[in-house]
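Below you'll find the structure, written out as structure tokens, and then a few comments.
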Amino acid sequence: MDTAVCNHIKNLFFTALLAISTSPLANDETALGIATYNKGEFQEARSLFLAQSEKGDAYATFWLGVTQWETGERFQAGDTFLQAAEMGDPWAMYMLVPRDGNPCSYLGWPCDKAWKAKALEGWEVLAEQGSAKAQFAITKVSQPWWEYIPFYRLFRYHELLEAGLEQNTYGAYYQYMGKFGKFSQYEFNYMHRAAKKGFAPSLSGIGFSQRPSIKGQEFSWLQKSLDTGFPSAASALCISYKLGGDDFPYDLEKAFYYSVVHEVLNKGRDECKVFTQESVTDELGLIVVDSEGKSVKRDLISKERQEELRKEAEAYAETLTPNLFLDETTIELFVY
């Protein structure tokens, strides 16, 4: 598989932009399955979705396909999405629309351009019932008439964002917020209100906002995000301390600590790599090698200290409930 495609899919699957919130279509068992999926317990989630799918639940069938993708059953996932689409789930329908980045071609999924119109019809029904997620999806794949009216479209963007905030769904945040101007006061206010509702990506976003009002509080905001079980916050802290800067002075031990937290929360699926050794150089700056021609290394963090930090980080991570903060809009976005 093309490396760029792999990275594209990986990033969009595991970069959590949205809060976990269940659709009005989700029954209790399907909602439990989504929460279980977000904890990274994919096999358990798969069982929950499969049971509901066998009862004729189209939405659970869609999530079964998502989970099959996660557990490596990627060829089967296409057939499951087709089943969910034929049962009437618009999110599954759009998964089967051929386009760049979609697995249709290289996995041979049963895709068809006709599913786009059908997905739009399904989302329009949900939007009429007040679903902000469905309206977000409509504006992402088509251009509503109101987008051609400069002043009115800002009103509609604002309306959509407010509806999304009220419903704890943030799918259009990155799509629409730029319409109000980068780093606008509304953007920060929206982010702050979402953070107050416990939305981990917004907690992290405030930590990186560079707003004068939060100067000196950057670590605190990222830590609050991490306390929700959001793996990306651990990665952000790891990278910040590894690179160093005004807000986060270079600290390799802290970087290593948060790399372990990230590893535990993210089930080892990717990592924030922290190099704990470096090559020894001579007075001319040349790398020193041993009798076998291998470069001589020295520890930047001793093995004993690494073990201490690992134990501390694992103990802290075990107190958290991992949460990937994915919902159907997140998954649907991965094929854009």
Side-chain angles (χ1 to χ4, degrees), residues 12 14-24 26 31 34-35 38 123 126-127 129-140 144 146-147 151-237 240 247-248 265 320-333:
L12 286 171
F14 302 126
T15 300
L17 303 180
L18 310 174
I20 175 174
S21 58
T22 56
S23 163
I34 296 170
N38 273 281
W123 285 328
L126 294 176
Q129 296 171 358
S131 170
K133 293 178 188 176
Q135 186 62 64
F136 293 162
I138 291 169
T139 56
K140 182 68 177 179
W146 49 264
E147 285 210 341
F151 296 104
Y152 182 63
R153 69 173 173 237
L154 287 178
F155 168 78
R156 290 300 300 270
Y157 293 144
H158 184 275
E159 189 176 59
L160 278 172
L161 286 165
E162 292 298 316
L165 183 64
E166 183 179 342
Q167 295 176 27
N168 296 329
T169 181
Y170 307 86
Y173 174 79
Y174 291 95
Q175 180 183 353
Y176 296 121
M177 193 56 71
K179 309 291 185 179
F180 296 92
K182 194 168 180 60
F183 306 121
S184 69
Q185 185 61 40
Y186 178 62
E187 176 182 18
F188 185 74
N189 289 344
Y190 180 95
M191 192 184 300
H192 197 271
R193 288 158 60 204
K196 287 176 66 176
K197 298 183 75 172
F199 181 44
S202 284
L203 289 164
S204 291
I206 291 174
F208 284 116
S209 67
Q210 299 183 331
R211 288 271 174 176
S213 61
I214 60 100
K215 188 68 177 174
Q217 303 173 35
E218 294 84 358
F219 171 81
S220 174
W221 283 102
L222 285 170
Q223 185 63 52
K224 288 176 184 178
S225 179
L226 180 55
D227 287 341
T228 69
F230 188 40
S232 294
S235 178
L237 285 163
S240 296
D247 304 324
F248 294 89
L265 290 179
L320 305 175
T321 300
N323 201 326
L324 303 178
F325 285 87
L326 301 176
D327 66 5
E328 72 276 10
T329 318
T330 317
I331 304 304
E332 188 270 333
L333 283 173

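Side chains included, hydrogens not; waters and symmetry mates left out as well; all remaining heavy atoms used.
Residue-environment remark: NZ (K196) stays at or below the threshold of 12 foreign heavy atoms within 6.0 Å. By the neighbour-count criterion of 12 heavy atoms within 6.0 Å, atom CD of E166 is sparsely surrounded, having that number or fewer from other residues, nucleotides or ligands.
When side chains are defined from C-beta on, I206 counts as touching F188, because their heavy atoms get closer than 4.5 Å. Between Y157 and E147 there is a side-chain heavy-atom pair separated by less than 4.5 Å. Looking only at side-chain heavy atoms (C-beta outward), K197 and L165 come within less than 4.5 Å of each other.
Note that the CG atom of L154 and the CH2 atom of W146 stand 10.0 Å from one another [nearest 0.5 Å]. Rounded to the nearest 0.5 Å, atoms OG (S131) and CD (Q135) are 9.0 Å apart. Between the CZ atom in F155 and the CG atom in L160 there is a gap of 10.0 Å [rounded to 0.5 Å]. Rounding to the nearest 0.5 Å places CG of D227 at 11.0 Å from CG of L222. Taken from CZ in F199 to CZ in R193, the straight-line distance is 13.5 Å, to the nearest 0.5 Å. Between the CD atom in Q223 and the CH2 atom in W221 there is a gap of 13.0 Å [rounded to 0.5 Å].
Contact detail for P322 and L265: the closest heavy-atom pair is CB-O, 3.7 Å. Contact record, S204 with A233: OG-CB, 3.8 Å, taken as the closest heavy-atom pair. For the residue pair L237 and F219, the shortest heavy atom distance occurs at CD2-CD1, 3.8 Å.
In this structure, E218 contributes its side chain and G216 its backbone to a donor-acceptor pair below 3.5 Å. Between the K133 side chain and the Q167 main chain, no donor and acceptor come within less than 3.5 Å of each other. Checking side-chain atoms of S225 against main-chain N and O of A200 turns up a donor-acceptor pair under 3.5 Å.
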